[in-house]
Amino acid sequence: MSDMRLGQKFFAQEVLTAAPAMVGKLLCRRFTDGTVLRLHITETEAYNGEADLACHASKGRTPRTEIMYASGGKVYVYLIYGLHILLNIVTGEQEHPQAVLIRCCEGYEGPAKLTKVLRLDCGFYGEDLVCSDRLWLEDDGCLPKIKTAPRVGIDYAPPLWRDKPWRYIMIKE
DNA sequence: GTAAGGATTGGC
DNA sequence: CCAATCCTTACT
């Protein structure tokens, strides 16, 4: 059913709405051999604009953060610690830099483990989830209970931003 | 040009 | 606890 696929309207939501809404959705990846992997997203984090000092966009518009200024639905991937690729999904309207970090999926705890399994690399920077044939989101009707927590790995940010409850975790039943 | 540091992970 | 490993950003 193609109408399970999430479209522009979903990604155009503000990040504080989109990040919890992505928990429970299916992250879908079609590999070059044609096989498709579908994983329920179990944990996300919101990075919210230039004012958010934990968000990469707080450094302003740079070659790396440029994609966050695009309209929602684009992929923001980057190399961290020279070792790991992390997957983010841009949300909101154009010129409103924000993104959702996909931290965990069912069976894959950890943002770098996830991108390894999905075989995502820097070539996915800017990928459009609305029309891509190798990466997209689907809604299978799953409506999980969610709890919030502070974001991980941002000790460099001042408390005002470090302590924001912008991490969204699926509650296991 | 140079330097510092990171939205992590796995091993000791 | 700490190393791995390299790109991005800031500053000279």
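Computed over heavy atoms, backbone and side chain alike; hydrogens, waters and symmetry mates excluded. Chain naming here is simple, since letters A, B, ... match the order of the sequence lines and numbering starts at 1 in each. Just so we're clear, the structure is a prediction, and the values are computed from it rather than from any experiment.
Within the 4.0 angstrom heavy-atom criterion, base atoms lie near A/Leu101. Within the 4.0 angstrom heavy-atom criterion, base atoms lie near A/Gly82. At the heavy-atom level, A/Arg151 lies nowhere under 4.0 Å from the strands shown. At a threshold of 4.0 angstrom between heavy atoms, the contacts of A/Leu83 include nucleobase atoms, whether or not backbone atoms are also involved.
Closest approach to the A/Met68 side chain among C/dC6, C/dA10, B/dA7 is made by B/dA7 (side chain taken as heavy atoms from C-beta onward). Nearest to the side chain of A/Tyr156, among C/dT9, B/dG6, B/dT8, sits B/dG6. When distances run from any side-chain atom of A/Ala112 to the nucleotides B/dT8, B/dA7, C/dT9, the shortest one goes to B/dT8.
Taking the ring centre of A/Phe124 as origin, the terminal cationic atom of A/Arg29 falls outside the region bounded by 6.0 Å and 45° from the ring axis. Remark: A/Arg134 fails to qualify as a cation-pi partner of A/Phe31 under the 6.0 Å distance and 45° angle criteria applied to the six-membered ring.
Residue A/Tyr108 contributes atom OH, which lies 20 Å from atom P of B/dT8 at whole-angstrom precision. Straight-line distance from the CG atom of A/Leu53 to the P atom of B/dA7: 13 Å, rounded to whole Å. Remark: P of B/dT9 and CG of A/Leu86 are 7 Å apart, rounded to the nearest angstrom. For A/Ile80 and C/dC6, the CD1 to C1' distance is 11 Å, given to the nearest whole Å. Look at CD on A/Glu109: it is 14 Å from P on B/dT8, rounded to the nearest Å. Distance, A/His84 NE2 to C/dC6 C1': 12 Å, rounded to whole Å. The nearest whole Å value for the distance from the OH atom in A/Tyr168 to the C1' atom in B/dA7 is 15 Å. Between the OH atom of A/Tyr78 and the P atom of B/dG5 there is a distance of 18 Å, given to the nearest Å.
Put simply, A/His56 has a side-chain N or O that comes within less than 4.0 Å of OP1 or OP2 on B/dA7. Distances shorter than 4.0 Å separate some side-chain N or O of A/Thr62 from OP1 or OP2 on C/dT9. Taking only side-chain nitrogens and oxygens, A/Lys113 comes nearer than 4.0 Å to OP1 or OP2 of B/dG10. An OP1 or OP2 oxygen of B/dT8 is reached within less than 4.0 angstrom by a side-chain nitrogen or oxygen of A/Arg103.
The base-pairing partner of B/dA7, taking Watson-Crick or G-U wobble contacts with both distances under 3.5 Å, does not exist among the strands shown. Pair assignment for C/dT5 gives none, since no Watson-Crick or G-U wobble pairing has each distance under 3.5 Å.
Inspection of the A/Lys74 and A/Ser71 side chains reveals an N or O donor paired with an N or O acceptor under 3.5 Å. Side chains of A/Gln98 and A/Thr91: a donor-acceptor N/O pair is present below 3.5 angstrom, by distance only.
Two rings, from A/His96 and A/Tyr69, have their centers 6.0 Å or more apart.
A salt bridge (Lys or Arg N to Asp or Glu O under 4.0 Å) with A/Glu138 is found for one member of A/Arg38, A/Lys25, A/Arg5, A/Arg30 and no other, namely A/Arg38.
Nucleotides C/dT5 and B/dT2 are separated by 23 Å at their P atoms, to the nearest Å.
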